[in-house]
Amino acid sequence: MPELPEVETVRQGLRGLILNKTIANVEVRWGKIINGDSAKFTNDLVGETFKEVDRRGKYLLFRLSDDLTLVSHLRMEGKYRVTPQAQEVTKHTHVIFNFTDGTALRYLDTRKFGRMTLIKTGTENQVGGLKTLGPEPTAADFQVADFAQRLRRHKKAIKPTLLDQNVVAGLGNIYADEVLWLSEIHPLQPANTLSPAQIQVLHDNIILELTKAIQAKGTTIRSYTDAYGATGGFQLSLHVYGREGEPCERCGVTIEKIKVAQRGTHFCPHCQILPGSQVSAS
DNA sequence: AGCTGCTCCTGGTCGC
DNA sequence: TGCGACCAGGAGCAGC
């Protein structure tokens with residue numbers, strides 16, 4: 001479910017709900033969510049206090065006392081909720097952090113794809129996924145020259161290349177389609193054939209689009225809500241995702257949906273032209 | 001090294 | 001109404 005703007009919104013909400021709360025005990029109801037031994041996971045967390053919630057790409061980094069960090073990835077449908085401990089535990093609740101004040105942080109995940117790992121703070125770069133994660137999509141971290149160099153290594157289509165978190169962190173299926181439409185680049189164009197001008201435009205649109213989506217508190221298509229259960233607002237700003245059959249806002253031609261690398265992909269067949277595919281007028 | 005296909009899960013929707 | 005096929009915002013892994 002969540003891409004970078006949604007994870008960032010969850011992070012901001014959680015800060016207000018759990019900082020300075022101390023864990024009394026932890027209940028793991030679906031062991032596969034935890035990387036490693038879940039008995040050790042629960043034991044190590046007893047008595048720990050949440051000091052900060054950071055984020056890197058789509059990963060949440062819960063900073064605890066005693067130099068521990070809980071790395072959490074929500075994957076498709078993961079959600080956090082803070083509730084009274086007495087509140088009924090719902091069907092898809094898989095991990096419960098009970099606090100000493102009578103409240104609890106609960107992790108919900110319909111499809112059970114999310115993962116958590118408890119590590120020593122400072123060893124984040126040894127965790128799979130974080131090890132090779134690309135730059136944050138911000139002007140400070142995301143350099144166009146570096147982006148160009150990474151794109152040159154990939155002959156495959158630009159769409160799945162943007163979904164590769166090692167190229168740039170944070171894009172998922174929705175924002176990948178959106179930034180390609182904004183940049184007027186066809187999703188099937190091989191990544192290593194983008195012109196310098198295309199790379200520059202794409203780079204700038206990635207930063208701008210994710211910034212705007214964070215300001216709108218993310219995009220809610222199916223099930224995403226933040227830590228307070230609130231939906232995002234950015235779905236109102238989507239130009240192609242989920243709009244197959246509707247006219248392109250720029251040119252009026254009907255938006256199409258195709259499969260690219262097994263993922264649903266939305267684009268405008270008039271604005272987003274594959275180089276070399278133009279039908280000659282002979 | 002890079003790419004494709006498969007896998008982890010549940011639930012909603014669509015066609016018959 | 002029931003049933004099967006297919007779809008869904010992600011990413012790790014095997015195998016080529």
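Naming: A, B, ... by sequence-line order, numbering from 1 per chain. All values below were derived from every heavy atom in this structure, side-chain atoms included, with hydrogens, water molecules and symmetry-related copies excluded.
The side chain of A/T110 has B/dG11 as its nearest neighbour among B/dG11, B/dC9, C/dC7. Distance from the side chain of A/K91 is smallest to B/dG11 among C/dG10, B/dG11, B/dC3. In this structure, of C/dG10, B/dG11, B/dC3, it is C/dG10 that holds the atom nearest to the side chain of A/N173.
Checking A/K257 against A/T265 by side-chain atom types alone, no donor-acceptor pair falls below 3.5 Å.
Judged by ring centres under 5.5 Å apart and planes tilted less than 30 degrees, A/F113 fails to stack against the six-membered base ring of B/dC9.
Close to C/dA8, at under 4.0 Å from its OP1 or OP2, lies a side-chain N or O of A/K259. Under 4.0 angstrom from either OP1 or OP2 of B/dT7 there lies no side-chain N or O belonging to A/K32. The side chain of A/H154 places an N or O atom within less than 4.0 Å of a non-bridging phosphate oxygen (OP1 or OP2) of B/dC3.
Within 3.5 Å, no donor on the side chain of A/R153 pairs with an acceptor on the base of B/dA1, nor the reverse.
For B/dC9, there is no paired base (Watson-Crick or G-U wobble, both distances below 3.5 Å).
Nucleotides C/dC3 and B/dC9 are separated by 24 Å at their P atoms, to the nearest Å.
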message: So if I define the base as every atom that isn't primed, P, OP1 or OP2, how would nucleotides 11-16 of chain C read as a B/S/- string at a heavy-atom cutoff under 4.0 Å?
response: SS----

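Using a cut-off of 4.0 Å between Lys/Arg side-chain N and Asp/Glu carboxylate O, A/E8 and A/R15 are scored as not salt-bridged. For A/E6 and A/K217, the salt-bridge test fails: no basic side-chain N is under 4.0 Å from an acidic carboxylate O. Taking the charged nitrogens against the carboxylate oxygens, A/K58 and A/E3 have no contact shorter than 4.0 Å, which rules out a salt bridge. We find that A/R55 and A/E136 are joined by a salt bridge, their nearest charged nitrogen and carboxylate oxygen being less than 4.0 Å apart.
In this pair, A/F99 and A/F50 present their aromatic rings perpendicular. The plane angle is above 60°, beyond the 30 to 60° band.
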